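Beneath this line is the structure, given in structure tokens, with notes to follow.
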2 protein chains.
Amino acid sequence: MKLSTKGRYGVMACYDLACHHGDSPVPLKAIARRQGISPGYLEQLIGHLRRAGIVRSVRGPQGGYVLARSPDEITVGDIIRVLEGPIAPVECVSQDPGDFRHCGRTEGCVTRPVWEKLRDSMVRVLDSITLKDLLDEGGRE
Amino acid sequence: MKLSTKGRYGVMACYDLACHHGDSPVPLKAIARRQGISPGYLEQLIGHLRRAGIVRSVRGPQGGYVLARSPDEITVGDIIRVLEGPIAPVECVSQDPGDFRHCGRTEGCVTRPVWEKLRDSMVRVLDSITLKDLLDEGGRE
DNA sequence: TATAATTCCTAGCGGTTAACTAGGCATCAT
DNA sequence: ATGATGCCTAGTTAACCGCTAGGAATTATA
């Protein structure tokens with residue numbers, strides 16, 4: 001029941017970009033250094049975020065990455081979904097049709113409501129926290 | 001962010017035992033057959049549940065397993081913790097000292113509060129649902 | 001125009017875990 | 001004494017995680 005580093009690194013990287021929102025593009029190396037992430041690995045992760053429209057890239061010298069939307073329009077859930085897949089403790093309660101898989105057990109599976117409640121509570125938390133919230137918090141503490 | 005089959009199978013097996021609570025011991029094979037779980041694999045899982053004091057075993061013919069406590073005293077969280085480990089999306093917010101691991105990043109890690117909120121909401125859901133709740137629900141639906 | 005800083009892409013790799021299977025031993029009602 | 005059951009450990013296959021490697025494309029700047 002653990003997140004992989006993908007999700008964590010992704011959130012950290014996006015937080016880093018949020019800190020520099022409005023500035024010139026942030027090179028990947030700088031993010032990797034500040035957040036303590038292997039640059040090569042982060043490159044793969046940020047590629048997903050780019051293709052998902054969460055960050056934008058600028059190539060060439062002085063290039064780097066910027067958030068594609070403002071920090072208050074990007075939730076932690078958005079990032080997690082890109083890097084970890086649908087937020088669902090088991091496939092049979094996935095809200096993404098591509099990920100959903102019927103467990104094939106007796107109809108009226110008794111345990112499914114448990115996983116649905118768990119999923120809902122996870123989604124509620126992750127979709128309620130924006131990068132802006134993290135910025136504000138970082139400033140206060 | 002998925003549960004493994006361990007947790008799911010464990011809850012299903014315990015639900016099966018709850019259905020027969022008060023009766024004579026339920027042989028592992030019967031549980032495995034009804035729940036569609038590989039008997040050999042379930043044997044390993046139920047071994048953990050036994051050592052954790054959630055189920056009791058009776059050896060010999062007519063033997064099998066029974067719940068060690070009544071269904072309203074066993075939560076889904078109890079079962080998950082035995083089979084999946086501490087309920088924590090990342091190790092640095094694990095409430096189990098053995099599992100906890102400091103991420104070693106800059107102090108005042110900005111993302112930790114996110115994982116703490118997520119953990120709390122997961123724990124709240126899983127610890128609030130007992131096997132009795134599943135029984136009642138199975139009866140109604 | 002040449003250089004170098006950057007992003008982009010894909011392949012591979014070593015380690016770990018998941019989900020079993022296999023096989024043998026211990027217990028004990030009948 | 002038998003056979004049904006639980007108990008234990010060691011394998012096995014496949015997938016995935018967290019990287020590393022190496023090169024191609026882009027482009028600001030000297």
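The model shown is predicted, which means the values in this text are computed figures rather than measured ones. Protein chains get the first letters and strands the later ones, always in sequence-line order, with residue 1 at the start of each.
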How many Å lie between [atom1] on [X] and [atom2] on [N], as a whole number?
| X | N | atom1 | atom2 | result |
| --- | --- | --- | --- | --- |
| Gln44(A) | dA11(C) | CD | P | 12 Å |
| Leu28(B) | dT21(C) | CG | P | 13 Å |
| His48(A) | dT10(C) | NE2 | C1' | 12 Å |
| Leu42(B) | dC7(D) | CG | P | 12 Å |
| Ile37(B) | dT21(C) | CD1 | C1' | 16 Å |
| Lys2(B) | dT17(C) | NZ | C1' | 17 Å |
| Leu45(A) | dC9(C) | CG | C1' | 14 Å |

Any base atoms under 4.0 Å from [X], or only sugar-phosphate, or nothing? Heavy atoms, all strands.
| X | value |
| --- | --- |
| Arg51(A) | sugar-phosphate |
| Gly47(B) | nothing |
| Ile46(A) | nothing |
| Lys6(B) | sugar-phosphate |
| Gly64(A) | sugar-phosphate |

(request) Please determine if a side-chain N or O atom of Arg59(B) lies less than 4.0 Å away from the OP1 or OP2 oxygen of dC8(D). (result)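 Arg59(B) to dC8(D) OP1/OP2: no side-chain N or O under 4.0 Å.
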The side chain of [X] is closest to which nucleotide in this list: [options]?
| X | options | answer |
| --- | --- | --- |
| Pro27(A) | dC19(D), dA19(C), dT7(C) | dT7(C) |
| Tyr41(B) | dC19(D), dC20(C), dG6(D) | dC20(C) |
| Tyr65(B) | dC7(D), dC20(C), dT7(C) | dC7(D) |
| Glu43(B) | dA29(C), dT7(C), dC8(D) | dC8(D) |

